[in-house]
Amino acid sequence: MAAVYAQPAAANYFTAPAHAPPKQRGYRLCDQCGAVEQPHHGRFRLCGGCMTTQYCSQDCQKAHWPKHKPICQHTASQISSAKQPGPGSIDESLVKNLRKFVSTHSSLLSWAGFQALQLKRVPSNVRQNALLIELNYRHSGSDSLRRFSVKATHIVPRTYVTDNDPLVGQDILRREERCRKTGGIGCAVIIIQCGEISQVMPVEVDSPSRISWDMREDWPQVLQHFVESGRTDFKPISTTPRGIVYG
């Protein structure tokens with residue numbers, strides 16, 4: 001029997017905000033020094049090669065490059081190969097727009113992974129499973145984000161990624177080790193796939209006792225709603241001693 005909820009899973013679920021929200025890039029840690037992103041102090045920069053690693057400053061990006069270089073070049077090589085013309089070649093706009101999609105919807109995708117893997121109830125799932133999100137893509141449309149729609153979601157073994165791509169697996173383990181040193185439970189793995197193109201999104205997860213998000217079984221519908229409407233103002237519900245909070 002499907003769960004029934006008194007409150008929607010996120011703010012503005014039924015009504016779009018009156019004003020266009022600022023672009024949100026989600027919760028981020030500097031991959032060099034571990035600083036937490038504070039939007040009012042300036043947003044972190046994404047590595048232009050892999051569009052996954054983030055830094056608080058150019059100095060941190062330069063300092064981290066020797067460690068980051070192998071996985072960055074590996075990811076960039078995969079993207080470059082996908083763009084090569086020929087039979088079965090991939091639309092370059094799809095590659096570009098998928099990377100933009102993952103970056104823009106990072107908060108929504110992180111929340112969906114947390115819910116799908118049931119990390120509040122079973123934290124050990126973070127080491128066993130991953131969330132695979134399959135997307136459809138329309139080649140026309142003025143808003144590149146609204147070209148995507150959710151085709152299906154699956155829970156897959158985490159080895160789906162780590163065994164098939166050792167370099168990506170090593171990067172996930174590095175992030176996991178860093179997360180656990182600061183009291184987190186590990187690194188949730190979210191795979192976003194559209195046709196032959198996929199992007200792995202590792203999310204460092206704090207201890208469940210520190211996460212106030214409500215558990216929601218309707219996460220697939222919420223994911224689909226925000227993706228297909230092109231909304232980037234996702235703010236999930238949390239029930240706290242002070243009452244209901246969105247954000």
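Quantities reported herein were computed from a predicted structural model and do not represent experimental measurements.
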Backbone N or O of [Y] within a donor-acceptor pair of the [X] side chain at under 3.5 Å?
| X | Y | value |
| --- | --- | --- |
| Glu134 | Lys151 | no |
| Asn164 | Tyr160 | yes |
| Asn129 | Asn125 | no |
| Ser103 | Arg99 | no |

Any side-chain heavy atom of [X] within less than 4.5 Å of one from [Y]?
| X | Y | result |
| --- | --- | --- |
| Cys60 | Cys33 | yes |
| Leu94 | Cys194 | yes |
| Leu132 | Gln193 | yes |
| Ser110 | Met201 | yes |
| His105 | Phe234 | no |
| Leu98 | Leu135 | yes |
| Thr153 | Trp219 | yes |
| Asp214 | Gln7 | no |

Exercise for review: Would you please indicate yes or no on a ring centroid separation below 6.0 angstrom for His225 and Tyr13?
Suggested key: yes
Atom pair [atom1] ([X]) and [atom2] ([Y]), whose distance is rounded to the nearest 0.5 Å:
| X | Y | atom1 | atom2 | value |
| --- | --- | --- | --- | --- |
| Lys62 | Tyr55 | NZ | OH | 13.0 Å |
| Arg138 | Ser149 | CZ | OG | 6.0 Å |
| Ile191 | Leu109 | CD1 | CG | 12.0 Å |
| Trp111 | Lys235 | CH2 | NZ | 15.5 Å |
| Thr182 | Asp206 | OG1 | CG | 7.0 Å |
| Asp165 | Gln170 | CG | CD | 9.5 Å |

Minimal non-hydrogen separation, [X] against [Y], with atom names:
| X | Y | result |
| --- | --- | --- |
| Cys179 | Gly186 | SG-O, 3.3 Å |
| Leu131 | Leu117 | N-CD2, 4.2 Å |
| Lys120 | Ile211 | NZ-O, 3.2 Å |
| Glu228 | Val150 | OE2-N, 3.6 Å |
| Cys56 | Phe44 | CB-CE1, 3.4 Å |
| Cys47 | Gln61 | CA-NE2, 4.1 Å |

Exercise for review: Please list, chain by chain and in numerical order, all residues satisfying side-chain hydrogen bond (donor to acceptor under 3.5 Å, both in side chains) with Ser124, sequence neighbours excluded.
Suggested key: none
Flag yes if [X] and [Y] sit in one hydrophobic cluster, no otherwise; membership is Ile, Leu, Val, Met, Phe, Trp, Tyr, and two members link when side-chain heavy atoms are under 4.5 Å apart.
| X | Y | answer |
| --- | --- | --- |
| Ile172 | Leu167 | yes |
| Val189 | Val122 | no |
| Met215 | Ile185 | yes |
| Leu173 | Val156 | no |

Point to revise | Parallel, tilted or perpendicular: rings of His68 and His64 (30°, 60°) | key: parallel
Check your understanding: Is the Phe148 ring parallel, tilted or perpendicular to the Phe101 ring (thresholds 30°, 60°)?
Key -> tilted
Practice item. Name all pairs fulfilling the ring pair (Phe, Tyr, Trp, His ring centres under 6.0 Å) condition that reach into residues 112-135, sequence neighbours left out, sorted by first residue then second. Key: Phe114-Trp213
Check your understanding: side chain to side chain contact (heavy atoms under 4.5 Å, CB included) between Gln115 and Leu223: does it pass, once the steps are laid out?
Key -> CA-CA 11 Å; Gln115 301 292 349; Leu223 174 66; over 6 Å; no
Practice item. Determine, stepwise, if the pair Asn97 / Arg147 fulfils side chain to side chain contact (heavy atoms under 4.5 Å, CB included). Key: CA-CA 9 Å; Asn97 289 331; Arg147 295 182 185 181; 3.4 Å; yes
Review point. For residues 168-192, which residue pairs qualify under salt bridge (Lys or Arg N to Asp or Glu O under 4.0 Å), counting only residues two or more places apart or in two chains?
Key: Asp31-Arg174, Asp31-Arg175, Asp31-Arg178, Arg158-Glu176, Asp171-Arg174, Asp171-Arg175, Glu176-Arg180, Glu177-Lys181, Arg178-Glu204
